[in-house]
Asks: 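Pasting in a structure now, in structure tokens, and then I'll have a few things to ask.
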There are 2 protein chains.
Amino acid sequence: MPKLVDHEERRRHLGAAACVVLARAGSVGMTVRAVAAEAGMALATAQHYLPTRERMVRAAIDHLAARVVRRARGIPADPVTSEVIRQAVRELVPLDAERSFEARVWLVLTAEALVDAEIATLLAQSEVELRSNLRRLLTRAQAGGAIDARVDPRDEAAALATLLDGITVRVLTTGLDPAEAGEEIDRHLARLARQRDREPLTGGAGAGGRAESGASA
Amino acid sequence: MPKLVDHEERRRHLGAAACVVLARAGSVGMTVRAVAAEAGMALATAQHYLPTRERMVRAAIDHLAARVVRRARGIPADPVTSEVIRQAVRELVPLDAERSFEARVWLVLTAEALVDAEIATLLAQSEVELRSNLRRLLTRAQAGGAIDARVDPRDEAAALATLLDGITVRVLTTGLDPAEAGEEIDRHLARLARQRDREPLTGGAGAGGRAESGASA
DNA sequence: ACCTATATCGGTCAAATGACCGACGATCTA
DNA sequence: TAGATCGTCGGTCATTTGACCGATATAGGT
């Protein structure tokens, strides 16, 4: 037997390269050659592990999901405070370079999903998962008294999902300043807690001067 | 002189065809041949009016903007009631087939804007215009007492823009039911009016935030 | 040392695509 | 009627792209 390479590792590497290409050149620019070059291997070598362009796109989705999930695990959720929810929401919005990168890939894939049924299925699944996680967070936060007991966790989870997608699109396409986006998110979240008793969030939420990030022109 | 054709009319026709192709086949599938075929003319004829693919994309954007603007004009805005705002918002979300078509084109173009600076500029302009229109509606509604006098029209216009983009993405990609999307919109709008004769807004959103940059447009 | 299975890669092919050119024809004016 | 001007279109070219094949190198196992 020869070198014996970890195929899955290669595929993950190619998936990461595919994400880079997607973020840089979009759906049109993501060619098998560009992905291979980004991964630092010959065209045929890349195709040895991911034979078709479609497989490369799937690998990119897997890589993207893995990144988000790994970062999401970093958030402690034992006592679900409003700050935890705030962190979770900010984790999914392009407020810094890393998240902006992921959001760009996501947006490209989302548009591609309109034509490619398989991509649509994968993205829809992750959205369902996201919404269910948000709902769970909200329910636990409600149990802990962190947010208003009268709001419906299901509705609010949907509203948060809408907020995430909307903010993401606006930051990426219109020149919406990440700092303003953060304030907009905080205003939304403040509403969840404000009705509980008078104004628990006004101090920490809005006023904080957030560090901006480079952001695109 | 020969037939003397209205060039602009031809370009509009091609722009409409380009939108159809974009909605059907996405950015990758929008080839000059596909647009020409959709428009019912020979390839060279189409290229006679729109020489490059880029020009065709621009024509598609123009067509899309024209459609939305024309429909927006149909909304009476003399007394800006909350129902007027509701109509305006629903006008921009894929709740039926026609709007779904436009939203698909918009999403494809939005993703393309990440790579194409010119598309990005055009889309950003229309977003600024949209937000300013929303802000104007909110201000007038506030003057008429249709919504809470304490909310900041600028912030709420931004929140509505986010809501629009988010709902659009979720309806198109996840299988979000248009009916549920409508309810989600109504919940958002209800909040604007509810606080009018309800509880405190705790110092208002403007207090915490930096109220600078008056004319963001 | 030999051999087999695997990795890597250069080269190639058919199809598609954007762009271009020149010819034909229609139509209005002088 | 003749000429000029413009619309229309078939055909073509260079390039790119996805996919494929066979050759070569390499690293184990026997």
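By convention in this document, chain letters (A, B, ...) are assigned in the order of the sequence lines, proteins followed by strands, and residues within each chain are numbered from 1.
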Asks: Got a sec? Which of residues 43-59 of chain A come in under 4.0 Å of DNA chain C, heavy atoms?
Replies: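 Here the set is A/Ala44, A/Thr45, A/His48, A/Tyr49.
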Asks: Pairing donors with acceptors under 3.5 angstrom, does anything connect the side chains of A/Glu83 and A/Gln87?
Replies: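 There is such a pair (donor and acceptor under 3.5 Å, judged by atom type) between the side chains of A/Glu83 and A/Gln87.
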Asks: How long is the line joining CZ of A/Arg11 and C1' of C/dA7, in whole Å?
Replies: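 Going from CZ in A/Arg11 over to C1' in C/dA7 covers 14 Å.
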Asks: Which pairs pass salt bridge (Lys or Arg N to Asp or Glu O under 4.0 Å) with one or both residues in residues 44-55 of chain A, sequence neighbours excluded?
Replies: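 Listed by first then second residue: A/Arg53-A/Glu112.
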Asks: Hey, is CZ on A/Arg71 packed in by over 12 heavy atoms from elsewhere, all under 6.0 Å?
Replies: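 For A/Arg71, atom CZ is crowded (more than 12 foreign heavy atoms under 6.0 Å).
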Asks: Looking only at side-chain N and O atoms, does A/Thr162 offer a donor or acceptor that is under 3.5 Å from a partner on B/Glu184?
Replies: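 Note: B/Glu184 and A/Thr162 side chains meet the donor-acceptor criterion.
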Asks: Of the candidate nucleotides C/dC9, D/dG10, C/dG18, which contains the atom at the shortest distance from the side chain of B/Ala42?
Replies: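 Taking heavy atoms from C-beta onward, the closest nucleotide is D/dG10.
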Asks: Run B/Arg99 and B/Glu102 through salt bridge (Lys or Arg N to Asp or Glu O under 4.0 Å) and show every step you take.
Replies: CA-CA 5 Å; B/Arg99 268 149 275 210; B/Glu102 294 169 3; over 6 Å; no
Asks: So which of B/Arg67, B/Arg70, B/Arg104 actually passes salt bridge (Lys or Arg N to Asp or Glu O under 4.0 Å) with B/Glu98?
Replies: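 Answer to the salt bridge (Lys or Arg N to Asp or Glu O under 4.0 Å) test with B/Glu98 among B/Arg67, B/Arg70, B/Arg104: B/Arg67.
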Asks: Choose from D/dT8, D/dT17, C/dA7 the nucleotide whose nearest atom is closest to any side-chain atom of A/Arg33.
Replies: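 The nucleotide sitting nearest to the side chain is D/dT17.
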Asks: Would you say a side-chain N or O of B/His7 is under 4.0 Å from OP1 or OP2 of D/dC6?
Replies: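 Indeed not, no polar side-chain atom of B/His7 lies that close.
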Asks: Measure the distance from CZ on B/Arg10 to P on D/dG7 and round it to the nearest whole Å.
Replies: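 Distance check: B/Arg10 CZ to D/dG7 P gives 9 Å.
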Asks: For B/Met41 and for A/Val28, find the nucleotide of DNA chain D with the closest heavy atom, then tell me which residue's nucleotide is more 5'.
Replies: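 It is B/Met41 whose nearest nucleotide is closer to the 5' end.
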